[in-house]
2 protein chains.
Amino acid sequence: MNTNEEQNFKNEMEAVFKLLSNHIRLNILIMLENKQFSVNEIVEALGIPQSQISHQLAILKKHQLVSSQKIGKKNFYKLDDPHILNVIESTANHVKHVLQGKSHSEV
Amino acid sequence: MNTNEEQNFKNEMEAVFKLLSNHIRLNILIMLENKQFSVNEIVEALGIPQSQISHQLAILKKHQLVSSQKIGKKNFYKLDDPHILNVIESTANHVKHVLQGKSHSEV
DNA sequence: CCTTTATATGTCAATGATAACATATGTTAT
DNA sequence: ATAACATATGTTATCATTGACATATAAAGG
């Protein structure tokens with residue numbers, strides 16, 4: 001009976017999608033694609049209050065999408081598992097498809 | 001200046017992730033992977049009240065993830081763009097990775 | 001045209017997420 | 001020890017989503 005394990009799996013799927021469904025978190029992940037950044041660099045790049053960025057980073061970290069490394073006063077964040085970029089990329093492809101072939105619900 | 005278009009794009013990305021971050025909608029999409037089903041078949045498979053399924057199907061349809069075809073009294077739903085399965089699959093891969101290498105936040 | 005079956009839509013209370021703000025912690029320099 | 005900087009954490013009001021329930025529409029059969 002692996003139903004429980006499967007449920008676990010689905011819960012985590014859901015959690016990942018939930019994480020990605022927020023523009024701040026999504027932008028952070030995209031920003032971290034190639035390079036690590038300090039909190040303040042992220043704050044300045046996104047133009048969003050520091051505490052909010054820290055909150056979102058904490059959530060991303062809790063779900064192991066990013067990891068951090070403290071150097072001096074600064075805390076640098078990077079992607080923990082670049083695999084997540086595949087998810088973002090295939091969604092981007094899907095969205096491209098949908099936005100191009102905007103056949104139906106163009107209300 | 002394609003900033004506006006880009007914003008559009010990111011909004012739709014967000015919307016797709018939001019759609020996927022709900023277990024009912026996710027299960028519906030997975031169920032529709034290979035075959036179309038009527039509303040009632042989905043209701044019975046998932047054991048969730050009909051009105052709720054209809055609500056979620058309407059949301060999925062609005063974002064063009066599914067389409068429907070009425071045959072007699074029944075309304076059959078199928079994936080509108082199977083591309084979305086790639087998104088689900090790459091997320092599944094990511095989650096597998098995370099669940100296996102549960103190194104860090106195992107609190 | 002009345003009933004049954006199948007599905008959609010409307011409403012709203014309960015729950016969850018976000019944004020905004022205040023404050024705390026930790027590090028470095030003076 | 002104090003100040004300045006960088007970041008994290010706590011709290012709460014606001015807003016969005018979900019779940020539950022009632023009702024509406026639409027097709028088919030009698």
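In what follows, chains carry the letters A, B, and so on, assigned in the order in which the sequence lines appear, proteins first and then strands, with residues in each chain numbered from 1.
In this structure, Ser51(B) OG and Gln56(B) CD are separated by 9.5 Å, a value rounded to the nearest 0.5 Å. Here Lys74(A) contributes atom NZ and Asn40(A) contributes atom CG; the two are 7.0 Å apart, rounded to the nearest 0.5 Å. Note that CG of Asn11(A) and CD of Glu6(A) are 11.5 Å apart. Values are rounded to the nearest 0.5 Å. Atom CZ of Arg25(B) is separated from atom NE2 of His23(B) by 9.5 Å, given to the nearest 0.5 angstrom. With rounding to the nearest 0.5 Å, the separation of CG in Asn86(A) from CD in Glu89(B) is 11.0 Å.
The side-chain heavy atoms of Lys78(A) and Leu32(A), taken from C-beta on, include no pair separated by under 4.5 Å. Thr91(B) has its side chain out of reach of Thr91(A): every pair of non-hydrogen atoms, C-beta onward, lies at least 4.5 Å apart.
In this structure, Phe76(A) reaches neither bases nor backbone, as no heavy-atom distance under 4.0 Å exists between it and the strands shown. Nucleic acid contact class of Lys74(B) (heavy atoms, under 4.0 Å, all strands): sugar-phosphate only.
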Listed pairs, N/O of protein and of nucleotides 16-24 of chain D, under 3.5 Å:
residue: dT18(D); atom: OP1; partner: Asn22(B); partner atom: ND2; Å: 3.1
residue: dT18(D); atom: OP1; partner: Arg25(B); partner atom: NH2; Å: 3.4
residue: dT18(D); atom: OP2; partner: Arg25(B); partner atom: NH1; Å: 3.2
residue: dG19(D); atom: OP2; partner: Gln52(B); partner atom: OE1; Å: 2.9
residue: dC21(D); atom: N4; partner: Ser51(B); partner atom: OG; Å: 2.7

Requested in this report: Please lay out, stage by stage, how His83(B) and Asn93(A) fare under the test side chain to side chain donor-acceptor pair (under 3.5 Å).
Outcome: CA-CA 8 Å; His83(B) 226 104; Asn93(A) 284 335; 4.9 Å; no
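When the options Ile48(A), Leu46(A), Asn22(A) are evaluated for a side-chain contact (heavy atoms from CB on, under 4.5 Å) with Ile28(A), the one that passes is Leu46(A).
Regarding Asn75(B), its CG atom lies at a distance of 13 Å from the C1' atom of dT25(D), rounded to whole Å.
Between chain A and DNA chain C, the heavy-atom contact criterion of under 4.0 Å yields a 5' to 3' nucleotide range of dA17(C) to dT28(C).
A rotation axis mapping the C1' atoms of four pairs onto the next four is fitted at both ends of the helix from dC1(C)-dG30(D) to dT30(C)-dA1(D) over five pairs, and the angle between these axes is 10° to 10 degrees.
Connection of Ile30(A) to Phe76(A) is not established within any shared hydrophobic cluster, with ILVMFWY side chains joined at heavy-atom distances below 4.5 Å, either directly or through further cluster members.
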